[in-house]
Amino acid sequence: MAKGAKLPGSLPQLKSRRRESKSLKRKREEEELENLEKAAQEFDASNLTKFTDLPLSRQTASGLDKSHFKVPTDIQRKAIPLALKGKDILGAAKTGSGKTLAFLIPVLEKLHRAKWTSDDGLGALIISPTRELAIQIFEVLRKIGQRHSFSAGLVIGGKNLQDERERLGRMNILVCTPGRMKQHLEQNPDLDTYNLQILVLDEADRILDMGFKDSIDAIVQGIPKSRQTLLFSATQTKNVNDLARLSLKDPEYVAVHEAASAATPGKLQQHYIVTPLPEKLDILWSFIRANVKSKILVFFSSTKQVRFVYETFRQMQPGIPLLHLTGKQKQTARLEVSAKFSSSKNACLFATDVVARGLDFPAVDWVIQVDCPEDADTYIHRVGRTARYERDGRGVLFLCPTEEKGMLERLKTKKVPIEKINVKQNKKQSVQSQLQGICFKDPEIKYLGQKAFTSYSRSVYVQKDKEIFDLEKLPLQEFATSLGLPGAPRIKFLKGEDTKQRKNAPRALLKDEDSSEDVESGEEDTKKEKKKEVRTKYDRMFERQNQNIFTSHYTGMVRHGEEEEDEEKDEDFLAVKGHGYGSDTEDNKGPNNGQKFIQVHGKDPLLVDSKRREKLATSKKALLKYKGKGTKLVFDEEGEAHAIYEFEDEEEFKKAGDAEEQRGKFLAEEKKKVSVADEEDKSVAKEKRRAKREKQKARMQDGEDDGEEEGFTGGLPLIPYEDFDARREESDGDEAPELIEEDRPAKKQKKWFEDDSEEEKKKKKKAKRKGKVVEMQEEPETLDDLEALAAGLLA
Ligand SMILES: Nc1ncnc2c1ncn2[C@@H]1O[C@H](COP(=O)(O)OP(=O)(O)OP(=O)(O)O)[C@@H](O)[C@H]1O
């Protein structure tokens, strides 16, 4: 048909033709989906060499092609065909072997085959143990899902709960951290998981351990048992209890490297050195100085050590950019550091285990583990940040003589091939005197050094594996000297500290700041409790002596969290400005010193000592809040007044049984009532939402059938990718404005980024006019972009 030509016929004829073309299209789509499902069920994985061999939707195939993924890795070849058949999967493969795509492709295909639309709500949930990893997964999802029209969001904390909340109800795929997700599930009635099709746990062993137990149990409780579940990790759990918690259905165990001689990547060279604890920093410094053209990742066991080494080495100018990353940093800083390290050719990043798992920093040359990892699994994940996807890499583990035997045994059991190397003594530079100089000049750094000392000692003390970690055997005095300190701070430990549990616990579960130093999780604090800290005499001394000279930078370095600081400020504020009658200071004269007072009925008089209080005295309304609320009474049939609550006769009360028992019973009954009411409320709310959705869907259906455009609100491109292709074929490459007009679906499909800039909007309009597909947004380049990714995405 010629360009711009109109279809002949009257309006009713046009409408009926439209309906015909619509139903033809729908039929064709349904056939395609059926064929896809059939092909997936019958697929023979032995024929799989390229991604194009897989029975995938055009959208996913195109996303993979655009992202330059052509040949699947081992784990992808084995896991994807099974997942496409709908199987539950326990996937285990070495670090850097491509597990992310192995679960993201099935997620997209599952929703595609279920004809998932924005009205169907949440269809897929992907859980990651840290924020950084969640962002990374989301990035990959954005790339390979660019041709799909599902909406996807990140739920990782560090942002206003309310902001996220409003957007979540509209998302089809969520990538989340456990604590934040639990928070939303508890507080957000718009978030429905009743329809969830597929659940993914990346770093499954980590997510299923103690620290995340509550969150995961809460999440799993609210999602249908019929969903598909995929678990992936380089150190997979096979713990039956864990699997039972997730109600897996005959899971397929896909462990592609199980028969391999090593649990770590083939191109990874692994070494260890044995060094006395006080020489560790000398060796680290010398190593960095000798490798200034490399990209190095250095692991410590606590935040305070990371900060101390970062601050001191920075002053000593090693000739390579230094960075530091810990779970205690603000989210924006963490993103900035990750991005900087990713894009650097040569840099040295000091970090805690917050980056040990899953992160895919490109081209890391060296992973140095200065502090011994808590177990072999942690070693494998840390060292796995290098030698990823067919690249080379090297790892060096520093072991104290007391740690050598035990750790080597653990590594051997886990099939980690590691060789001993020695440090060239003539190349080793001592940094002790430089550190002493820095600590002497700068009390802030000295204080940080003391904290680093105590944190390290605690991290050793609380480890479970006593064959490796024995604090008593470590030369602590010499260690303190090596940090530049005048002596070893005295340390007291609380009995019964459980390291693994502490370390694994999300911040929300930790009660004191020092213990949260080592937290791997990047989750948002959900409750902050006042810390109970072991204070040394040095802590007290430094607080007293340095009160006046601490800079704001230092305060930032050592303070115990903003909330606690605010609490202190509040106390100060009350002490100085309070109007207490008992005070005998000049500023706080009591009621007998000739001051004015407002008499409030039934209350102590209020001192009038400011304009605000004077104004208050003239306002009846404002004074109401100082008045008592009055007493509610009930009247019996004789007109006698009684207090609403009256004490039961003691004898009667005793007859009913033990007071504690009665209390327990009463509480249990009330709890039951509340939970029943809660369930009812939730189900009513859900029902309403469901009905609303159904209605909307029905309305849209009508709109489509009648060719009406009522549902239109404008906005993003409304024609799905494949329709254009099909239409182009039909129209022989000619533009056919009328047909496009007909086929426009009557609903607004939100894409990944919904916060379009003006320019993008224009682009999209233009593309729409041309009948072309509008593609995904540009790659995020700046911190702002990443911020937008983390929060704005859900707009
Ligand atoms: N089929 C593929 N072709 C090319 N590159 C790939 C392929 N699959 C994955 N990669 C690349 O390999 C790298 C590692 O992938 P990924 O992060 O998924 O590994 P992983 O197995 O999840 O690692 P970890 O156990 O550390 O989490 C990434 O940079 C990714 O882009």
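Read the numbers this way: they start at 1 and go in the same order the structure lists the ligands and their atoms.
Side chains of T237 and N239: a donor-acceptor N/O pair is absent below 3.5 angstrom, by distance only.
Considering only residues two or more places apart in sequence or on other chains, D65 meets the side chain to side chain contact (heavy atoms under 4.5 Å, CB included) condition with K70. For P251, the side chain to side chain contact (heavy atoms under 4.5 Å, CB included) partners are D88, L90, L248, not counting sequence neighbours.
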Can you give me every donor-acceptor pair (side chain of residues 359-373, partner residue at least two apart or in another chain, under 3.5 Å) with its distance?
| residue | atom | partner | partner atom | Å |
| --- | --- | --- | --- | --- |
| D360 | OD1 | R388 | NE | 2.5 |
| D365 | OD2 | K295 | N | 2.8 |
| Q369 | OE1 | R382 | NH1 | 3.1 |
| D371 | OD1 | K280 | NZ | 3.4 |
| D371 | OD2 | S301 | N | 2.8 |
| D371 | OD2 | S301 | OG | 3.2 |
| D371 | OD2 | Q305 | NE2 | 2.8 |

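Between S57 and the options E32, R147, E109, a side-chain hydrogen bond (donor to acceptor under 3.5 Å, both in side chains) holds for only E109. When each of D205, D202, T378 is checked for a side-chain hydrogen bond (donor to acceptor under 3.5 Å, both in side chains) with R357, only D205 meets the rule.
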Please tabulate, one line per pair, the protein N or O atoms found under 3.5 Å from any N or O atom of ligand 1, giving the distance to one decimal.
| residue | atom | partner | partner atom | Å |
| --- | --- | --- | --- | --- |
| ligand 1 | 1 (N) | V71 | O | 2.8 |
| ligand 1 | 1 (N) | Q76 | OE1 | 3.0 |
| ligand 1 | 3 (N) | Y389 | OH | 3.2 |
| ligand 1 | 8 (N) | Q76 | NE2 | 2.9 |
| ligand 1 | 17 (O) | R388 | NH2 | 3.0 |
| ligand 1 | 18 (O) | K99 | N | 3.4 |
| ligand 1 | 18 (O) | T100 | N | 3.1 |
| ligand 1 | 18 (O) | T100 | OG1 | 2.6 |
| ligand 1 | 19 (O) | G98 | N | 3.2 |
| ligand 1 | 19 (O) | R388 | NH2 | 3.3 |
| ligand 1 | 21 (O) | S97 | N | 3.1 |
| ligand 1 | 21 (O) | G98 | N | 3.1 |
| ligand 1 | 21 (O) | K99 | N | 3.0 |
| ligand 1 | 21 (O) | K99 | NZ | 2.8 |
| ligand 1 | 23 (O) | G96 | N | 2.8 |
| ligand 1 | 23 (O) | R388 | NH2 | 3.0 |
| ligand 1 | 25 (O) | K99 | NZ | 2.7 |
| ligand 1 | 26 (O) | R385 | NH1 | 3.0 |
| ligand 1 | 26 (O) | R385 | NH2 | 2.8 |
| ligand 1 | 26 (O) | R388 | NH1 | 2.8 |
| ligand 1 | 26 (O) | R388 | NH2 | 3.3 |
| ligand 1 | 27 (O) | E203 | OE2 | 3.3 |
| ligand 1 | 29 (O) | D360 | OD2 | 2.5 |

